[in-house]
Amino acid sequence: MIDLHLIGIGTGNPDHLTRAAITAMNAADLILLPRKGDAKSDLLDLRRTICADVLTGSTRVVEFDLPKRDARAPYLEAVDDWHDAIAAAWATQIATHLPDGGRLALLVWGDPSLYDSTLRIADRLRADGIALRVHVEPGITSLQVLTAAHAIPLNTLGAPVLITTGRRLREGGWPTGADTVAVMLDGGGAFEALVPEGIDIWWGAYLGMPHQALLAGPLDRIGPQIVRTRAALRDRHGWIMDIYVLRRRPATKAT
C-alpha cells in the first residue's frame, strides 16, 4: 500500500507552507521532485530549497525527469497522453524506491484542487492496480497570493466569481453572468480578445517569488503593458507563471 500525500506548497515562497504541509513532508518516506528541463530549473530549485528548509528527519528526496506534453497534438488529447506518461513515471519511481509500500509525498504548486491534475494522475495509478491511499494537504493558491499582493477582494459584494483558463477566455470571450473573472494557465494575452473598455485587470507573475511582478489598472491602458512586460520576463527567465483577475466596472447611471 502506498500512502500518497499531495502537499500544496503555495507559489514557491517557503513562508507559505502550512504547518500541516511541513508535518506531512517530514512524515514521508520519499519525496519525488520532477525535473522539467533547463528552462524551468528555477521551479526545481525552489522545491529543493523548500525541502532543505523544512526536512529534519530521514525523508529521502529523489528527482526524476517529467515527461513533456506534445504541443503539436490537439490540446485535450495531448494532455490525456501526457498524464498517462506522468503516471507511468510515478509508477516506475514507486517500484524502484518504495517496492514494499510506504509514504510518498509530491509537492504541488498552489493547491491540488485548483487547475492541477495531480489528483487525476493519481487515479490512473489506481486504475493500473497500484494500491493507493490519497491524502491532500491544502496550500495557498496563486489566486490568493494575487489578491493579497494587490490588496483587493476577489468578489464584489454578493456577486459570483468565475475561474477559467486563458484558452477558454480567448475562444469564448467574456463568460456570461460573471462580473469578475480569474484567469489561469494563459499562454499569453488572452484578454486581448476582449473589448477592453469598462474592464479593470489585476495581473501578477512569479507570485511570492523574489522576482514577483505586478501590474493593475484599466485593461485598455494596462493590457498592452502587461503583454510587453510578460514577454520580457519570459525571455529573461526562460519561463513564466502568471495569473490575473478581470472585473467589469459598474455601469454609470445617467443623470
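Hydrogens, waters and symmetry mates are skipped; everything else that's a heavy atom, side chains included, is used.
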* Structure fact -> For Ala122 and Trp90, the nearest pair of non-hydrogen atoms, with its separation, is N-CZ3, 3.8 Å

* Structure fact -> Tightest non-hydrogen contact, residues Ala24 and Glu137, listed as CB-CG, 3.9 Å

* Asked: Which residues satisfy the side chain to side chain contact (heavy atoms under 4.5 Å, CB included) test with Leu214, sequence neighbours excluded?
  -> Ala149, His150, Leu207, Gln212

* Asked: Does some side-chain heavy atom of Ile9 sit less than 4.5 Å from a side-chain heavy atom of Val108?
  -> no

* Closest approach of Leu154 to Thr180 (non-hydrogen atoms, all atoms of both residues) -> O-CG2, 3.3 Å

* Under the salt bridge (Lys or Arg N to Asp or Glu O under 4.0 Å) test, residues paired with Arg249 that sit two or more places apart -> Asp200

* Asked: In terms of side-chain geometry, is the basic nitrogen of Arg35 or Asp65 positioned less than 4.0 Å from the acidic oxygen of its partner?
  -> yes

* State, without any angle test, whether Gln93 and Thr96 hold a side-chain donor-acceptor pair at a distance under 3.5 Å. => no

* Asked: Is it true that Leu30 and Ile94 fall in one hydrophobic cluster, defined by side-chain heavy atoms closer than 4.5 Å?
  -> yes

* To do: Go through the steps to decide whether Asp179 and Thr156 satisfy the test side-chain hydrogen bond (donor to acceptor under 3.5 Å, both in side chains), and finish with yes or no.
  => CA-CA 8 Å; Asp179 292 326; Thr156 55; 4.6 Å; no

* **Residue pair Ala190 / Tyr244: nearest heavy atoms and the distance that separates them** => CB-OH, 3.8 Å

* Asked: Does Ile199 have any side chain to side chain contact (heavy atoms under 4.5 Å, CB included) partners at least two apart in sequence or in another chain, and if so, which?
  -> Trp174, Leu194, Leu219, Leu246, Arg248

* Is there side-chain contact between Val62 and Ile31, with at least one heavy-atom pair below 4.5 Å? -> no

* Do Val227 and Val181 belong to the same hydrophobic cluster, where Ile, Leu, Val, Met, Phe, Trp and Tyr are linked whenever their side-chain heavy atoms lie under 4.5 Å apart, directly or via other members? -> yes

* Asked: Do Ser142 and Met241 pass the side chain to side chain contact (heavy atoms under 4.5 Å, CB included) test, and can you show the C-alpha distance, the side-chain angles, and the key distance before you say yes or no?
  -> CA-CA 10 Å; Ser142 57; Met241 287 196 300; over 6 Å; no

* **Side chain Asp111, main chain Gly139, donor-acceptor under 3.5 Å** => yes

* To do: Start with the C-alpha gap between Asp53 and Thr49, add the side-chain angles, then the distance that decides, and say whether side chain to side chain contact (heavy atoms under 4.5 Å, CB included) holds.
  => CA-CA 6 Å; Asp53 283 351; Thr49 298; 3.7 Å; yes

* How long is the span from the CZ atom in Arg133 to the CG atom in Leu104, to the nearest 0.5 Å? -> 13.0 Å

* In Å and rounded to the nearest 0.5 Å, what is the CE to CZ distance from Met1 to Arg103? -> 14.0 Å

* Structure fact -> With sequence neighbours left out, the residues meeting side chain to side chain contact (heavy atoms under 4.5 Å, CB included) with Asp128 are none

* Can you find a heavy atom in the side chain of Asp29 that is under 4.5 Å from one in the side chain of His97? -> no

* To do: Determine whether Leu132 and Leu106 fall in the same hydrophobic cluster, where Ile, Leu, Val, Met, Phe, Trp and Tyr are linked whenever their side-chain heavy atoms lie under 4.5 Å apart.
  => yes

* Asked: Can you tell me how far CZ of Arg230 sits from CD of Gln225, rounded to the nearest 0.5 angstrom?
  -> 15.0 Å

* State plainly whether one hydrophobic cluster holds both Leu44 and Leu55, where clusters connect Ile, Leu, Val, Met, Phe, Trp and Tyr through side-chain heavy atoms under 4.5 angstrom apart. => yes

* Straight-line distance of Leu233 CG to Asp235 CG, nearest 0.5 Å -> 9.0 Å

* **Pairwise side-chain contact, Phe64 with Leu33, heavy-atom cut-off 4.5 Å (strictly under)** => no

* Under the side chain to side chain contact (heavy atoms under 4.5 Å, CB included) rule, collect the residues that match up with Asn155, sequence neighbours excluded. => Val161

* If you round to the nearest 0.5 Å, how far is CZ of Arg47 from CG of Leu32? -> 10.5 Å

* **Minimum heavy-atom distance Ile201-Phe191, with the two atoms named** => CD1-CD2, 3.9 Å

* Output all residues satisfying ring pair (Phe, Tyr, Trp, His ring centres under 6.0 Å) with His5, sequence neighbours left out; order by chain, then residue number. => His135

* To do: Under the side chain to side chain contact (heavy atoms under 4.5 Å, CB included) rule, what do Leu46 and Met209 come out as? Steps first, then yes or no, please.
  => CA-CA 9 Å; Leu46 284 167; Met209 302 179 190; 3.7 Å; yes

* Backbone of Arg168 reached by a side-chain donor or acceptor of Thr165 within 3.5 Å -> yes

* Asked: Less than 4.5 Å apart, any side-chain heavy atom of Val145 and any of Ile140?
  -> yes

* Asked: Taking it one step at a time, do Trp239 and Tyr206 satisfy ring pair (Phe, Tyr, Trp, His ring centres under 6.0 Å)?
  -> CA-CA 10 Å; Trp239 63 279; Tyr206 311 104; 5.1 Å; yes

* side chain to side chain contact (heavy atoms under 4.5 Å, CB included) partner of Tyr115, chosen from Ile243, Thr141, Ile163, Leu143 -> Ile163

* Asked: Nearest 0.5 Å, what's the CZ-CG distance between Arg120 and Asp80?
  -> 11.0 Å

* Considering only heavy atoms from C-beta outward, does the side chain of Tyr75 approach that of Arg69 to under 4.5 Å? -> yes

* Asked: Should Leu98 and Leu107 be regarded as members of a common hydrophobic cluster, given that ILVMFWY residues are connected when their side-chain heavy atoms come within less than 4.5 Å of each other, either directly or indirectly?
  -> no

* Asked: With distance as the sole criterion, is a donor-acceptor pair present between the side chains of Trp203 and Asp242 under 3.5 Å?
  -> yes

* Asked: Looking only at atom types and distance, does a side-chain atom of Thr59 sit under 3.5 Å from a main-chain N or O of Met25, one as donor and one as acceptor?
  -> yes

* **Donor-acceptor pair, side chain of Arg228 and main chain of Gly223, under 3.5 angstrom** => no

* Provide the closest heavy-atom pair for Ile121 versus Ile86 in the form atom of the first, atom of the second, distance. => CD1-CG2, 3.8 Å

* Taking Arg170 for the side chain and Gly188 for the main chain, is one N or O donor matched with an acceptor at less than 3.5 Å? -> yes

* Should the pair Arg124-Asp84 be classified as a salt bridge under the 4.0 Å nitrogen-to-oxygen rule? -> yes

* Do the non-hydrogen side-chain atoms of Asp70 and Trp82 ever get within less than 4.5 Å of each other? -> no

* Asked: Ion pair present between Arg48 and Glu63, side-chain N to carboxylate O less than 4.0 angstrom?
  -> yes

